[in-house]
Amino acid sequence: MTTRQRGKKTVVVKADEIAPATAPPMTGLEPALTWFRERGWTPHDFQLRAWEAYLAGRDGLVNAPTGSGKTLAVWMGPLLESLAKPEADEGLKILWITPLRALAGDTLGSLKAAAEGISLGGRRVDWRIEMRTGDTASSTKKRQREKPPHALVTTPESTALLLTYPEIVRQLGSLRAVIVDEWHELLSTKRGVQLELCLSRLRTLAPGLRTWGLSATLGNLGQAMEVLVGPKAAATVGDESGPALVRQAVSRPIEIRTLVPRDIERFPWAGHLGIRLLPQVIEAMESAGTSLLFTNTRSQTEIWYQSIIRARPDLIGQIALHHGSLDRELRTWVENALRDGRVRGVVCTSSLDLGVDFAPVDQVIQIGSPKGIGRLLQRAGRSGHRPGAVSRLVCVPTNALELVEFAAAQDAVKLGAVEPRYPVRMALDVLVQHMVAVAIGTGEAGVSPEELLAEARATHAFAGMTDEAFAWCMDFACRGGPALTAYPQYARIVPVVTATGAVVPARFKIASDRLALVHRQSIGTILSDSSMTVRLGTGVGMGGGKVLGTIEEGFISRLTVGDTFSFAGRLVQLVKVREMTAWVQPAKRKSGRVPSWQGGRMPLSSLLATAIRRRLDDAEQGRFEGAEMEAVEPLLRVQMQWSHLPRTGVLLIEHTTTREGHHVFVYPMEGRLVHEGLAALVAYRIAAGSPRSFSLAAGDHGFNLATPDELHLDEPAWRRLLSTERLAEDLLLCLNAAQLARRQFREIARVAGLVVPGFPGAPKRTRHVQASSDLFFDVLSEFDAGNMLLAQSAREVLDRQLEVDRMREALERLATQRIEITRPERLTPFAFPLWADSLREQLSSEKWTDRVQRMLVRLETAAGGEAAGG
DNA sequence: GACCTGCTGCGGGATG
């Protein structure tokens with residue numbers, strides 16, 4: 001469904017077919033219809049269906065794009081119900097949960113406005129609607145505990161905290177519905193698991209509680225709904241009274257175009273910065289009112305911001321930058337400026353993927369690979385936030401192969417395909433935290449293990465939990481397991497003792513007020529990384545200046561006093577480092593280093609990889625459709641001439657010799673994490689036969705093994721190396737799994753309450769938390785090997801850091817594919833980025849740049865000759 | 001003289 005519009009492609013996203021509203025609207029909907037009529041609006045079909053389902057007492061999940069009125073789809077139901085039954089208007093009735101503090105205030109406003117505007121026979125909804133997050137004043141929090149509002153907008157963490165106050169828990173019987181906003185953001189995380197447990201607890205406290213969610217499109221929406229409503233309700237999917245999946249049929253149209261380099265001959269084969277297209281990006285910015293420029297890393301935002309203002313000093317003050325390591329005050333300033341239309345552009349990371357909608361944004365510029373279709377759509381949707389407006393997305397390739405990626409991404413968008421997100425299971429650390437929280441919230445009466453187990457099993461995350469695993473968690477909460485029995489701080493829950501001194505062994509409560517306090521303050525599943533505060537000023541006397549943000553210790557430690565670096569869009573000079581603060585002053589020099597942060601590494605999604613393979617299949621057949629493919633055609637032809645194209649049904653392997661040695665390039669196209677694992681696995685399996693040394697490199701398209709001597713590997717040898725047999729065992733052996741697991745254990749130790757963060761106001765140095773969690777890992781490994789949290793950390797390493805399921809699927813797929821082994825004389829366009837990457841580990845950056853440049857010139861010359869000759 | 005991939009998110013409470 002593609003139409004041409006002034007040379008740009010307009011992609012109309014086709015949503016799934018849905019049944020039209022069958023019966024005429026229920027009479028109970030009249031106040032909502034009036035509410036819409038008064039505003040000159042017509043309700044969408046999906047809103048009507050959501051209200052009907054709510055009034056029929058069903059759970060549900062609404063899938064609709066932002067700006068479509070999805071908030072009203074789930075908010076009108078409770079309002080209509082209240083108008084119909086005003087007698088039941090006491091106590092906390094609605095809990096609205098949002099993953100972002102920043103969303104709470106805006107949501108509160110919309111909820112209040114709708115509640116104030118709706119009426120039936122002159123009667124209005126007379127509700128107190130409030131919000132509560134970590135930022136809420138403690139006096140307000142106290143008042144909310146004594147007299148809860150009728151509706152509360154809060155976060156998953158604050159919901160968990162609510163459950164620790166006996167006075168609130170006693171009042172929760174009045175709760176009628178929980179609404180979870182942006183459920184897709186929580187689904188595949190431990191925050192989601194924590195919320196599943198809280199929902200299960202709330203269902204015990206308020207039988208008949210309804211659960212509704214709001215979600216962006218996912219590949220597994222049905223599963224997303226089942227996880228949200230819990231296994232019991234999920235079993236009734238398809239029944240008339242079962243949970244309802246309500247989808248908005250029409251999405252906002254997206255207009256996508258790619259900035260195609262004017263001179264593809266001189267466009268880099270490798271790299272991810274993309275600064276080469278700076279002039280075209282500035283041109284694109286000037287053609288629109290306000291732009292968001294998304295980059296994939298924080299350091300990239302700093303570099304792009306500096307580059308833009310260096311090229312166009314007149315834009316100073318009109319553009320800004322935004323990422324997760326900037327101080328919140330600065331970020332809020334930028335967000336407000338964006339909302340008011342005071343800035344022309346903001347260079348940002350995923351920090352602006354979600355959150356408050358900025359009406360003035362009319363174009364999104366994506367620099368580099370989006371890695372997945374979901375992310376691309378999410379970002380595109382940040383623009384055109386006005387009724388009837390179109391989302392406009394400009395794709396900026398940072399290397400030649402990304403042209404193929406952007407062409408493929410548009411194919412996937414046209415098909416309406418989006419990645420799935422899978423829920424987390426058996427995160428025992430989260431369960432332990434929850435058990436202690438529930439024990440606190442039940443006060444002197446305590447809670448029984450049976451109740452806790454039943455509630456855990458009523459979640460998707462712990463539906464399959466064994467009695468043994470649960471007993472282990474109880475034991476851990478009671479005494480920290482066998483190894484920590486001597487330490488009272490790990491005897492967190494204790495049997496209830498009656499007034500006559502009799503022990504009630506079947507019920508448990510928190511051991512002390514002190515432990516309750518410590519627990520409340522460490523609720524949550526997000527681990528903050530070790531970082532230093534960057535502050536303007538000299539650090540002498542009382543002259544404490546503005547906080548700019550945070551930076552990693554590793555970066556600061558490589559600087560000496562007087563060094564210049566750019567941060568938060570300024571050039572600053574390091575004055576001194578004290579405690580966990582780096583004091584800086586404005587620098588006189590015009591350029592400096594750019595900090596880098598160690599963050600998550602997002603691999604290319606399977607969906608996008610599949611779409612790329614299809615485009616390469618086309619190319620193999622000589623079809624190069626669209627501006628992106630036309631531009632990259634000469635390069636793909638070089639790849640075909642020197643070797644082959646990686647494509648569907650074929651595993652391409654290239655053996656190439658350079659002056660660094662012998663290289664093997666393998667292209668499974670499964671994303672960075674899988675390739676890292678595969679590279680290590682293959683190297684390990686080769687070395688098991690004949691010991692030798694390797695240097696490894698992995699990217700999103702493939703991996704590279706380099707050796708001093710040539711590897712003689714035929715097809716049967718490759719089949720053995722890529723076998724799924726003993727996969728997990730071999731991976732754990734070859735990847736220094738103990739070290740990875742120990743790292744992963746930091747999060748688990750924090751979530752399970754083995755290590756506690758410092759008191760607010762007197763934060764413990766993050767390094768101390770790390771040191772103690774490392775210590776625990778060692779102690780438990782030695783003295784409590786059966787500790788289930790250790791096993792969990794090994795599991796998480798396989799799942800999260802290696803994507804072992806995806807790797808297994810990839811290997812199974814490879815087993816059915818033809819293997820094509822080529823021996824190109826030179827590095828091919830696909831090999832070049834991997835070669836450059838592997839070189840980086842061996843050389844200083846200066847030499848690296850030189851070497852890469854020289855090689856590039858040679859290859860381009862060769863490629864030019866081939867193209868001219870062919 | 002040098003950055004040249006590596007994101008995001010939350011969180012206490014009593015007293016003056």
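Quick note on labels: first sequence line is chain A, next is B, and so on, each numbered from 1. Atom set for the values below is all heavy atoms of this structure, side chains included, hydrogens, waters and symmetry mates excluded.
Annotation: R743(A), atom CZ; neighbour count of heavy atoms from other residues, nucleotides and ligands within 6.0 Å does not exceed 12. Annotation for E329(A): atom CD does not count as buried by contact number, only 12 or fewer foreign heavy atoms lying within 6.0 Å.
Residue contacts for K190(A): at a heavy-atom cut-off of 4.0 Å it reaches no nucleic acid atom on any strand shown.
With sequence neighbours left out, E796(A) forms a salt bridge (charged side-chain N to carboxylate O under 4.0 Å, His left out) with K190(A), R800(A). Remark: T295(A) pairs with Q300(A), T301(A), W304(A), V347(A), T349(A), I367(A) by the side-chain contact (heavy atoms from CB on, under 4.5 Å) rule, at least two apart or across chains. Contacts of D135(A) classified as salt bridge (charged side-chain N to carboxylate O under 4.0 Å, His left out), with partners at least two apart in sequence or in another chain: R101(A), R328(A). Scored by the salt bridge (charged side-chain N to carboxylate O under 4.0 Å, His left out) test, D106(A) finds R339(A) as partners (sequence neighbours excluded). For the salt bridge (charged side-chain N to carboxylate O under 4.0 Å, His left out) test, residues two or more places apart in sequence or in another chain that qualify with E676(A) are R601(A), R672(A).
Atom CZ in R593(A) sits about 7 Å away from atom P in dA2(B), given to the nearest Å. Atom-to-atom, NZ of K588(A) to P of dG1(B) comes out at 20 Å; the value is rounded to the nearest Å. Counting to the nearest Å, the P atom of dA2(B) and the CG atom of D563(A) are 10 Å from each other. Counting to the nearest Å, the P atom of dG11(B) and the CG atom of L163(A) are 14 Å from each other. Put simply, CG on L571(A) is 18 Å from P on dG1(B), counting in whole angstrom units. Taking atom CZ of F832(A) as the reference point, atom C1' of dC4(B) lies 13 Å away to the nearest angstrom. In this entry the distance linking CD1 of I97(A) with C1' of dG11(B) reads 15 Å, nearest Å. Atom P of nucleotide dA2(B) and atom CG of L559(A) are separated by 12 Å, given to the nearest angstrom.
Contact annotation: K141(A) side-chain N/O to dG12(B) OP1/OP2 distance is under 4.0 Å.
Heavy-atom distances under 4.0 Å link DNA chain B to H272(A) of residues 267-275 of chain A, given in residue order.
Looking at which nucleotide of DNA chain B each of S591(A) and S139(A) is closest to, the 5′-most match is held by S591(A).
Pairs of residues two or more places apart, or lying in two chains, that qualify as salt bridge (Lys or Arg N to Asp or Glu O under 4.0 Å) and include a residue from residues 368-378 of chain A are K371(A)-D700(A).
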Identify the pairs formed between an N or O of the protein and an N or O of nucleotides 7-10 of chain B at a distance under 3.5 Å, and give each distance.
{"unit_1": "dC7(B)", "atom_1": "OP1", "unit_2": "R298(A)", "atom_2": "N", "d": "3.4"}
{"unit_1": "dC7(B)", "atom_1": "OP1", "unit_2": "R298(A)", "atom_2": "NE", "d": "3.3"}
{"unit_1": "dC7(B)", "atom_1": "OP2", "unit_2": "R298(A)", "atom_2": "NH2", "d": "2.5"}
{"unit_1": "dC7(B)", "atom_1": "OP2", "unit_2": "G599(A)", "atom_2": "N", "d": "2.6"}
{"unit_1": "dC7(B)", "atom_1": "O3'", "unit_2": "T349(A)", "atom_2": "OG1", "d": "3.3"}
{"unit_1": "dC7(B)", "atom_1": "O2", "unit_2": "S350(A)", "atom_2": "OG", "d": "3.2"}
{"unit_1": "dT8(B)", "atom_1": "OP1", "unit_2": "G324(A)", "atom_2": "N", "d": "2.7"}
{"unit_1": "dT8(B)", "atom_1": "OP1", "unit_2": "T349(A)", "atom_2": "OG1", "d": "2.3"}
{"unit_1": "dT8(B)", "atom_1": "OP2", "unit_2": "R298(A)", "atom_2": "NE", "d": "3.2"}
{"unit_1": "dG9(B)", "atom_1": "OP1", "unit_2": "R331(A)", "atom_2": "NH2", "d": "2.8"}
{"unit_1": "dG9(B)", "atom_1": "OP2", "unit_2": "R331(A)", "atom_2": "NH2", "d": "3.4"}
{"unit_1": "dC10(B)", "atom_1": "OP1", "unit_2": "R101(A)", "atom_2": "N", "d": "3.0"}
{"unit_1": "dC10(B)", "atom_1": "OP1", "unit_2": "R101(A)", "atom_2": "NE", "d": "3.3"}
{"unit_1": "dC10(B)", "atom_1": "OP2", "unit_2": "R101(A)", "atom_2": "NH2", "d": "3.0"}
{"unit_1": "dC10(B)", "atom_1": "O3'", "unit_2": "T155(A)", "atom_2": "OG1", "d": "3.4"}

For residues 563-572 of chain A, please give each side-chain donor-acceptor pair under 3.5 Å, one per line with the distance, not counting sequence neighbours.
{"unit_1": "D563(A)", "atom_1": "OD2", "unit_2": "T560(A)", "atom_2": "N", "d": "3.0"}
{"unit_1": "D563(A)", "atom_1": "OD2", "unit_2": "T560(A)", "atom_2": "OG1", "d": "3.4"}

